[in-house]
Amino acid sequence: MFTENRAVIYAVNMRTFNADDKNGNGIIDFLDGETSGSFINAVDRLDELKSLGINAIHLLPVTPTGKIKAMGTAGSLYSLSDFVSINSQLSDSKSNLSVKNQMKFFIDEAHKRNIKIIVDLPACGSYDLFINKPHLFLTDDNGAAYIPSDWEDVRLFNVPDVKSELLKSDIFFLHKAFIRYMTDLGIDGIRADVATIKPFVFWKELISYAREINPDILFLAEASEAWTQPASDKAYFTDYKKLLEAGFDGWYGNYFELKNQNTFDKLYSSVNHHQKIIKKFSSKKSVIGSFATHDEVSPLLVGGEKFSKIII
């Protein structure tokens, strides 16, 4: 569906998706009978999504989050602390199922409605994981792990860029374990958070492994033409074209730059540019028309009515 431009993807933060915040204060007060989002109560909204024409759900990370140096009391979803378990925050305590089986129940119910499930693979590890398994991380001469960009709650993984070293490394084994764990649950795709931060050979081997399990699994790279620099001085930088060459099915187009242009010619030029890139590959590729990023003021506020009409 993705490479044929038929995928209508809805992103879901399961912690809040069907939460019941009775008093509307933005906080789930369990003592007052309020409930957070879970795989079980999320099923209640699948028919709603189906009625809107949604045929794919992008689940923001469902892996456990780090608590040391956490962002907020709940921790950032992208602060991965374990590759092969599910965040207990997403469990319904009234269910007799394990949180893993609750997730499988949600996926099965989505599939009954012909809705595919894409899961997010975080790019970095939590500080908690670094404390427990420092050998997985890139460190300086003093043993301190590197902080990518300004993401204070996570640390940079040490991923070999030579195939012979990569295939025997623990960090690659854990990523393979993540793929096996998620495919066993029945997921249909992987969205790779900050895919640029890992080397070409890593993605080529991991995608190849995943497609031995499921030849139709989607791999979507969080990457854009606008990204030209690594997340830190010590991080890899693999541009979007190399990621597509490694086996990714798609990437994020830099249409968010249009908010400062507001011209049809600029939009047409971007679309034409992407079509030329796609045609260079023998396997099908596609691009998400990314008109906004999570780091910005809404481009609709910046560009106003004209920009809204361009998007439409």
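This is a predicted model, so every value here is computed, not measured.
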For L243 against A221, the heavy-atom pair lying closest together
CD1-CB, 4.0 Å

Please evaluate residues I187 and I118 with respect to the criterion side-chain contact (heavy atoms from CB on, under 4.5 Å), reporting the C-alpha separation (whole Å), side-chain torsions for both, the decisive distance (0.1 Å), and the verdict.
CA-CA 6 Å; I187 62 99; I118 303 165; over 6 Å; no

Would S286 and N5 count as a side-chain hydrogen bond (donor to acceptor under 3.5 Å, both in side chains) if you check the C-alpha gap in whole Å, the side-chain angles of each, and the deciding distance to 0.1 Å?
CA-CA 7 Å; S286 194; N5 296 328; 2.5 Å; yes

Show me the donor-acceptor pairs, under 3.5 Å and distance only, between side chains in residues 92-108 and residues at least two apart or in other chains.
from: D92; atom 1: OD1; to: K94; atom 2: N; distance (Å): 2.8
from: S95; atom 1: OG; to: L97; atom 2: N; distance (Å): 3.1
from: S98; atom 1: OG; to: N101; atom 2: N; distance (Å): 3.2
from: S98; atom 1: OG; to: N101; atom 2: ND2; distance (Å): 3.4
from: Q102; atom 1: OE1; to: D92; atom 2: N; distance (Å): 2.7
from: Q102; atom 1: NE2; to: S91; atom 2: OG; distance (Å): 3.1
from: Q102; atom 1: NE2; to: D92; atom 2: O; distance (Å): 3.3
from: Q102; atom 1: NE2; to: L97; atom 2: O; distance (Å): 3.0
from: K104; atom 1: NZ; to: D108; atom 2: OD1; distance (Å): 3.4
from: K104; atom 1: NZ; to: D108; atom 2: OD2; distance (Å): 3.2

Taking atom CD of E305 as the centre, does the number of heavy atoms from other residues, nucleotides or ligands within less than 6.0 Å exceed 12?
no

Can you confirm if the aromatic rings of Y10 and H58 lie within a centre distance of less than 6.0 Å?
no

If I take atom OG from residue S208 and atom CD from residue E212, how far apart are they, to the nearest 0.5 angstrom?
5.0 Å

Does any N or O in the side chain of D161 come within less than 3.5 Å of the main-chain N or O of F202, such that one atom is a donor and the other an acceptor?
no

Using only atom types and a distance under 3.5 Å, with no angle test, would you say the side chain of D239 pairs donor to acceptor with the backbone of K242?
yes

Is it true that a side-chain atom of N87 and a backbone atom of L90 form a donor plus acceptor pair closer than 3.5 Å?
no

Is a side-chain N or O of S269 found less than 3.5 angstrom from the main chain of K266, in a donor-acceptor match?
no

Other residues, nucleotides, ligands: >12 heavy atoms within 6.0 Å of F281 CZ
yes

What's the shortest heavy-atom distance between G250 and F2, and which atoms?
CA-CE2, 3.7 Å

Does the pair W203 and F248 meet the rule for a ring-ring contact (aromatic ring centres under 6.0 Å, His included), with working shown?
CA-CA 8 Å; W203 290 119; F248 277 97; 5.0 Å; yes

Which pair of non-hydrogen atoms, one from N55 and one from M1, has the smallest distance, and what is that distance?
O-CE, 3.5 Å

Would T65 and S81 count as a side-chain contact (heavy atoms from CB on, under 4.5 Å) if you check the C-alpha gap in whole Å, the side-chain angles of each, and the deciding distance to 0.1 Å?
CA-CA 5 Å; T65 62; S81 63; 5.6 Å; no

When rounded to the nearest 0.5 angstrom, what distance separates CD1 in I117 from CG in L218?
12.5 Å

The side chain to side chain contact (heavy atoms under 4.5 Å, CB included) partner of I190 among I179, D249, L220, I207 is I179

Could you check whether atom NZ of K67 has more than 12 heavy atoms from other residues, nucleotides or ligands sitting under 6.0 Å from it?
yes

Just by distance, do the side chain of N142 and the backbone of A144 share a donor-acceptor pair under 3.5 Å?
no

Pair S85-D82, side-chain donor/acceptor within less than 3.5 Å
yes

Judged by atom type as modelled, is there a donor-acceptor pair below 3.5 Å linking the side chain of K116 to the main-chain atoms of H111?
no

Is T183 reaching over with its side chain to a backbone N or O of R180, donor-acceptor style, under 3.5 angstrom?
yes

Salt bridge between R191 and D120, side-chain N to carboxylate O under 4.0 Å?
yes

Donor-acceptor pair between E222 and W227 side chains, under 3.5 angstrom
no

Cut-off 3.5 Å, side chains only: do D20 and T35 have a donor facing an acceptor?
no

Quick one: which residue pairs count as a ring-ring contact (aromatic ring centres under 6.0 Å, His included) with a foot in residues 129-152, not counting sequence neighbours?
Y127-F130, F130-F137, F137-F157

Please indicate whether N25 has more than 12 foreign heavy atoms, meaning atoms of other residues, nucleotides or ligands, lying under 6.0 Å from its CG.
yes

Check D47 with R45, please: is the shortest side-chain N to carboxylate O separation under 4.0 Å?
no

Ring-ring centroid check H274 Y255, cutoff 6.0 Å
yes

F17-L185 co-clustered via ILVMFWY side chain contacts under 4.5 Å
yes

Pair K241 + E245, salt bridge at N-O below 4.0 Å
no

Please report the C-alpha distance between I147 and E152 in whole Å, then the side-chain angles of each, then the deciding distance to 0.1 Å, and finally whether the side-chain contact (heavy atoms from CB on, under 4.5 Å) criterion is met.
CA-CA 6 Å; I147 300 174; E152 294 288 341; 3.4 Å; yes

Check against side-chain contact (heavy atoms from CB on, under 4.5 Å), K50 and I54
CA-CA 5 Å; K50 181 69 176 178; I54 306 299; over 6 Å; no

